[in-house]
There are 2 protein chains.
Amino acid sequence: MSDSDLKQEVTDKYSLRGRVFSRLREDILSGKYEEGEELREVAIGEELGVSRTPVREAFRQLELEGLIRIVPNKGAYVTGISGKDVKDIYMIRSRLEGLAARWATEHITDVQLEEMEENVYLAKFHAEKGHYEQLFELDTRFHEILYEASGSKMLEHQLKDFHQYVIRVRKKTLSSARGPKSNLEHEGIMVAIRDKDGDLAEKLAHEHIINAYENLIKSGYTK
Amino acid sequence: MSDSDLKQEVTDKYSLRGRVFSRLREDILSGKYEEGEELREVAIGEELGVSRTPVREAFRQLELEGLIRIVPNKGAYVTGISGKDVKDIYMIRSRLEGLAARWATEHITDVQLEEMEENVYLAKFHAEKGHYEQLFELDTRFHEILYEASGSKMLEHQLKDFHQYVIRVRKKTLSSARGPKSNLEHEGIMVAIRDKDGDLAEKLAHEHIINAYENLIKSGYTK
DNA sequence: ATATGTATCATTGTATACAATCGTACATTA
DNA sequence: TAATGTACGATTGTATACAATGATACATAT
């Protein structure tokens with residue numbers, strides 16, 4: 001890992017602040033806190049058994065991650081994601097995933113490729129069985145592997161961030177019927193990467209995200 | 001502005017933390033602090049006349065912005081940008097600027113378009129005169145207008161972040177002879193946007209960044 | 001009745017005190 | 001001499017005290 005990668009890996013798991021940050025992030029993304037809900041420093045601190053200081057520092061970071069919005073002298077509020085935000089994220093991701101796939105053709109390791117193949121294979125099984133929970137996990141992991149295989153910490157971080165946001169949305173449309181089709185597209189991307197066909201990999205990954213978005217809309221996501 | 005835009009605008013100018021954050025950010029980007037230099041909470045606090053608390057909170061944010069790296073229980077260090085980071089950033093930007101240009105064809109306002117035209121016109125003048133400092137400012141501004149004209153706060157923030165990083169690098173290669181050529185490309189992008197030709201705008205903006213990177217390399221940037 | 005002023009309280013903003021940690025210098029030992 | 005142990009100081013991590021701010025409720029005036 002480049003000693004100078006921007007967009008730092010978050011975050012120090014062993015400090016109180018780090019634990020508060022991770023916990024809050026999880027809780028927000030999982031939907032424990034409603035959109036717009038106010039987070040009070042003391043309350044959060046008491047819940048996690050820490051003072052306000054680490055909570056405040058975690059808040060500052062969550063603000064920059066876009067998960068909460070801090071109004072000076074007033075409070076911290078869980079941010080919502082508008083329909084337009086979701087669309088923008090998908091469109092941005094479509095470009096960047098394409099780039100990641102292209103770079104993966106150059107940088108993927110044997111281990112990563114193997115995990116990708118296994119992922120596709122396993123997903124095929126779960127798709128047939130209708131195991132949506134597992135499909136969801138495999139889908140998430142497929143994209144993570146892709147990001148890692150890009151060989152770019154910068155790109156990896158960007159995409160992981162976006163992916164995180166979208167998870168909130170994706171969970172709502174989990175049981176849609178896209179599973180098998182999505183996995184077929186994964187397979188195509190995987191094969192293109194294996195064949196070191198950069199142009200094709202980029203094109204397929206790009207289309208994959210566009211398709212995912214269109215499916216999201218079709219399955220009735222609005223906000 | 002969407003009340004739910006992720007990637008918050010940074011930051012509360014009127015709190016001490018906000019001032020510390022902005023000041024440190026400026027100082028790092030301007031090169032006042034060397035890469036790798038250690039930032040001590042007390043020293044920074046004394047310099048700015050505040051206690052450690054707002055400094056620490058600003059540090060946490062700067063860390064997430066990627067400008068410093070915090071080693072737990074040890075210290076905060078100004079991050080360096082490797083040659084590969086720079087390349088990755090340019091490649092990512094090339095995709096996203098393309099997207100921004102495409103969206104700008106749909107969302108640009110008359111006022112924005114006018115400023116863009118004026119920008120190109122003025123730059124032509126300064127390019128002839130060899131006014132590199134002004135060219136630099138105009139170039140920066142051109143891209144900012146483009147980001148704003150995209151109509152996507154998400155994309156705008158992403159690109160502004162990347163642009164910031166790159167400014168550190170660009171300053172080193174300021175007086176290269178690319179000014180006029182770059183401005184011609186700006187003009188092309190501007191015309192494509194004015195003509196509402198999304199495909200062309202995306203293509204030109206994409207190429208523009210690639211060219212900028214190649215010029216950077218040619219003019220001897222290494223690290 | 002509505003508008004405005006004011007007291008009060010909850011909450012955030014900041015400073016500071018204390019605890020934990022890390023690095024260094026020096027002593028000790030083989 | 002080289003390796004290891006240890007004490008000390010500098011720095012960060014956390015808790016808490018106090019200040020500033022904003023919201024609310026109630027009183028007062030028009």
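Within every chain, numbering begins at 1; the chains are lettered A, B, ... in the order of the sequence lines, protein sequences first and strands thereafter. The model shown is predicted, which means the values in this text are computed figures rather than measured ones.
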N/O contacts under 3.5 Å, protein versus nucleotides 10-16 of chain C?
unit_1 : atom_1 : unit_2  : atom_2 : d
C/dT11 : OP1    : A/Arg40 : NE     : 2.8
C/dT12 : O3'    : A/Asn73 : N      : 3.4
C/dG13 : OP1    : A/Asn73 : N      : 3.2
C/dG13 : OP2    : A/Arg56 : NH1    : 2.5
C/dG13 : OP2    : A/Arg56 : NH2    : 3.2
C/dG13 : OP2    : A/Arg60 : NH2    : 3.0
C/dG13 : N7     : A/Arg52 : NH2    : 2.9
C/dG13 : O6     : A/Arg52 : NH1    : 3.0
C/dT14 : OP1    : B/Leu16 : N      : 2.6
C/dA15 : OP2    : B/Ser51 : N      : 2.8
C/dA15 : OP2    : B/Ser51 : OG     : 2.7
C/dA15 : O5'    : B/Ser51 : OG     : 3.4
C/dA15 : N7     : B/Thr53 : OG1    : 2.6
C/dT16 : O4     : B/Thr53 : OG1    : 3.2

CA sep, side-chain torsions, deciding dist, call: B/Arg60, B/Glu57, salt bridge (Lys or Arg N to Asp or Glu O under 4.0 Å): CA-CA 5 Å; B/Arg60 298 307 169 200; B/Glu57 291 182 7; over 6 Å; no
Residue pair B/Glu148, B/Arg141: steps toward the salt bridge (Lys or Arg N to Asp or Glu O under 4.0 Å) verdict: CA-CA 10 Å; B/Glu148 289 159 14; B/Arg141 183 59 194 150; 3.5 Å; yes
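Here the rule is salt bridge (Lys or Arg N to Asp or Glu O under 4.0 Å) with A/Lys32, and of A/Glu37, A/Glu47, A/Glu26 only A/Glu47 fits it.
The closest donor-acceptor contact from the side chain of A/His107 to the backbone of A/Trp103 lies under 3.5 Å.
A salt bridge links B/Glu156 to B/Lys153: one of the charged nitrogens lies within less than 4.0 Å of a carboxylate oxygen.
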